[in-house]
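Inspection log for the structure reproduced underneath, given as structure tokens.
As the structure is a prediction and not an experimental result, all values here were calculated from the model. Just the heavy atoms: all of them, side chains too, but no hydrogens, waters or symmetry mates, feed the values below.
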Amino acid sequence: MMIGKVDNVSAVNNIQSTRRSSNVASSQRTSDEISVSEEAKAAAEAMYLKQVSDETPDIRQDLVEQIKLKIQDPDFFSDATIAATADQILSAYGL
């Protein structure tokens, strides 16, 4: 198979011979600036939180296994454990 010559290369040559203007230093330099609205910030945060919630499993199997092991222990349902659990529930509701 033979490849033929490439035509219309002169357009590239014209770009390569372009020279920079000598007035570049005299042009006014300004810095770019961007402002993000509070609505856009809130939308970005909501999108991030949705992504995190989508990546987090609904059931944490490691915790389920820990609780199963604790329940199998005969000392788990002692009076002290029940009282501590009740206290934590009451304090969670501010009582």
So with a 6.0 Å cut-off around CG of Asp79, is the heavy-atom count from everything else above 12? no

Run the numbers on Lys70 and Ile67 for side-chain contact (heavy atoms from CB on, under 4.5 Å), then give the verdict. CA-CA 5 Å; Lys70 286 182 180 180; Ile67 292 171; 5.5 Å; no

Do Glu45 and Lys41 have side chains that get closer than 4.5 Å, going by heavy atoms? no

Mind checking whether Leu49 and Gln51 have side chains closer than 4.5 Å, heavy atoms only? no

Point-to-point distance, once rounded to the nearest 0.5 Å, from CD of Glu65 to CZ of Arg60: 13.0 Å

Measure the spacing between CD of Glu55 and NZ of Lys50 and express it to the nearest 0.5 Å. 10.5 Å

Measure from the side-chain N and O atoms of Ser91 to the backbone N and O of Gly94, and report whether any donor-acceptor pair falls under 3.5 Å. no

I'd like to know whether Thr81 forms a side chain to side chain donor-acceptor pair (under 3.5 Å) with Ser78, so could you lay out the CA-CA distance, the side-chain angles of the two residues, the decisive distance to 0.1 Å, and finally the verdict. CA-CA 5 Å; Thr81 305; Ser78 67; 3.1 Å; yes

With ILVMFWY side chains joined below 4.5 Å, transitively, what does Leu69's cluster contain besides itself? none

Shared-cluster residues of Val36, by chain and number - hydrophobic side chains joined below 4.5 Å: none

